[in-house]
Protein chains: 2
Amino acid sequence: MRKNQNAAIRKPEILESYYQVLIQQGFEGTSISKIAKHMDIHPSLIIHYFKNKENMKLELIDLLIEKYKSPDMISFEYIEDDEDRFNAFIDTLFSFEWSRTVDPGIHFGFYYLSFRNKEIQRRFKRMFVWLRDHIQEQLIYFNSRHIIDVRDEKQAADLIITLMEGLEFHSHFLSDGQSFDTFSQIAKKSVLDILKK
Amino acid sequence: MRKNQNAAIRKPEILESYYQVLIQQGFEGTSISKIAKHMDIHPSLIIHYFKNKENMKLELIDLLIEKYKSPDMISFEYIEDDEDRFNAFIDTLFSFEWSRTVDPGIHFGFYYLSFRNKEIQRRFKRMFVWLRDHIQEQLIYFNSRHIIDVRDEKQAADLIITLMEGLEFHSHFLSDGQSFDTFSQIAKKSVLDILKK
DNA sequence: GTTCATTAACTGTATGTTCAGTTTATATTG
DNA sequence: CAATATAAACTGAACATACAGTTAATGAAC
């Protein structure tokens with residue numbers, strides 16, 4: 001058993017374990033002592049680092065949002081051709097990999113908690129506004145290059161996010177055995193129809 | 001305090017209280033004794049009727065799904081003109097009232113639980129397949145009457161549900177002060193664009 | 001007089017958190 | 001460089017509380 005690591009190492013370690021237990025057990029089934037057992041440390045140590053469970057939850061959200069915002073996944077400045085760049089952008093937004101940046105069960109869990117926890121809601125709002133702004137910015141560029149033809153780029157960005165999230169949901173409840181990609185293709189095509197007129 | 005009611009009255013009464021406490025406190029904050037206190041009965045009585053908490057949860061889901069399926073909200077056979085009937089149908093699917101048949105916080109909560117609880121997942125799948133089938137059926141009719149023009153009605157129904165659910169999500173995180181209806185109009189317009197070509 | 005509604009008194013367990021204390025790493029000083 | 005101070009990492013035990021669920025008993029009703 002390792003000893004005397006510091007906060008910079010231990011805190012992410014604990015959050016990672018928290019995340020893993022969360023995936024397996026959900027919020028109802030995840031306690032401090034279970035997380036501690038999972039990584040073979042004493043429960044008190046978790047309190048020592050995070051003060052309480054609520055803080056730990058918020059810090060996990062921050063971590064996951066940072067993961068989600070990872071810029072290398074959604075910026076394609078290296079692609080010269082505008083049409084190619086646009087396609088890469090849309091493909092990524094509707095890709096399985098992108099949708100699984102965070103475990104969908106946990107994703108939904110935090111959505112749910114945001115209804116009663118204003119702190120969580122604030123963080124999620126900030127994240128989605130960031131995503132919307134980013135998409136909007138891209139659409140403005142592609143619009144100026146006549147790759148697409150939309151009047152209101154913000155509205156279009158809203159619609160894209162709406163479809164992305166609906167897609168996540170659809171794949172959970174309505175995809176009868178088919179893969180994620182089958183329906184994502186259909187959603188994507190609808191978006192292109194709308195963007196390209 | 002009333003006494004000696006029977007199961008046919010008491011069980012729905014308890015489920016209603018369960019639902020109310022759930023809206024205010026969420027799943028984490030809802031215990032059997034809290035529900036009992038809310039309706040001024042003894043906690044054991046709840047166990048007496050439902051045997052355990054899990055059963056009560058499932059029975060609540062069944063009740064809410066029945067509410068959701070309430071046929072008078074989504075059948076418009078009384079409207080003679082096909083165009084009018086179609087519009088009434090689409091308007092309802094994207095209406096605030098329809099989206100609030102069940103409290104959205106609870107809705108999300110059950111989605112979330114369905115990731116780890118197969119029994120809940122089964123019920124939700126059944127409900128959404130039912131809804132999809134219903135929409136598909138309607139689309140087939142409207143297609144035959146040339147009100148819309150779609151090749152694959154099932155795909156179209158999938159897309160409508162995806163947008164409906166995404167809309168719920170959007171209104172929670174991205175509607176900056178505007179009402180539900182503002183963006184629902186946009187989503188609806190996109191659907192019509194796709195259905196009508 | 002049996003069946004069902006209801007309460008009362010419990011049980012065992014898991015929870016988050018506190019507290020008191022020990023060990024280790026690091027910085028400061030002589 | 002060694003001695004010391006200080007803060008941080010970590011452990012163990014104990015806490016009050018809340019939880020779902022059990023069992024037994026009382027009361028009313030067909």
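Chain letters run A, B, ... following the sequence lines, proteins first and then strands; every chain starts at 1.
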All side chain to side chain donor-acceptor pair (under 3.5 Å) counterparts of B:K11, not counting sequence neighbours: B:E59
Protein-nucleotide distance (B:H48, atom NE2; D:dT26, atom P), rounded to Å: 18 Å
Nearest-Å distance for atom pair CG/P, residues B:L45 and D:dG21: 15 Å
Between protein and nucleotides 10-13 of chain C, what N or O pairs are separated by less than 3.5 Å?
none

SB check B:D91 B:K188 (cutoff 4.0 Å): yes
Gap between atoms CE and C1', on A:M39 and D:dC10 respectively (whole Å): 12 Å
Short side-chain N/O contact from B:R10 to OP1 or OP2 of C:dT6, under 4.0 Å: yes
Partner set under side chain to side chain contact (heavy atoms under 4.5 Å, CB included) for A:P43, not counting sequence neighbours: A:I32, A:S33, A:A36
Distance below 4.0 Å between A:Y49 side-chain N/O and D:dC10 OP1 or OP2: yes
Polar atom pairs between nucleotides 14-18 of chain C and protein, under 3.5 Å, N or O only, would you list them?
unit_1, atom_1, unit_2, atom_2, d
C:dT15, OP1, A:S31, OG, 2.9
C:dT15, OP2, A:S33, OG, 3.2
C:dG16, OP1, A:K53, NZ, 2.7
C:dG16, OP2, A:I32, N, 3.0
C:dT17, OP2, A:K53, N, 2.9
C:dT18, O4, A:S44, OG, 3.3

Partners meeting side chain to side chain donor-acceptor pair (under 3.5 Å) with A:K196 (sequence neighbours left out): A:E83
Whole-Å gap separating P (C:dA5) and CD1 (B:I46): 14 Å
Non-neighbouring partners of A:E80 that pass side chain to side chain contact (heavy atoms under 4.5 Å, CB included), sequence neighbours left out: none
Gap between atoms CG and P, on A:D40 and D:dC10 respectively (whole Å): 13 Å
Which residues share a side chain to side chain contact (heavy atoms under 4.5 Å, CB included) with A:R145, sequence neighbours left out: A:D82, A:Y141, A:I147
For A:D193, all residues meeting side chain to side chain contact (heavy atoms under 4.5 Å, CB included), sequence neighbours excluded: A:K189
Test ring pair (Phe, Tyr, Trp, His ring centres under 6.0 Å) applied to A:Y19 - qualifying residues, sequence neighbours left out: none
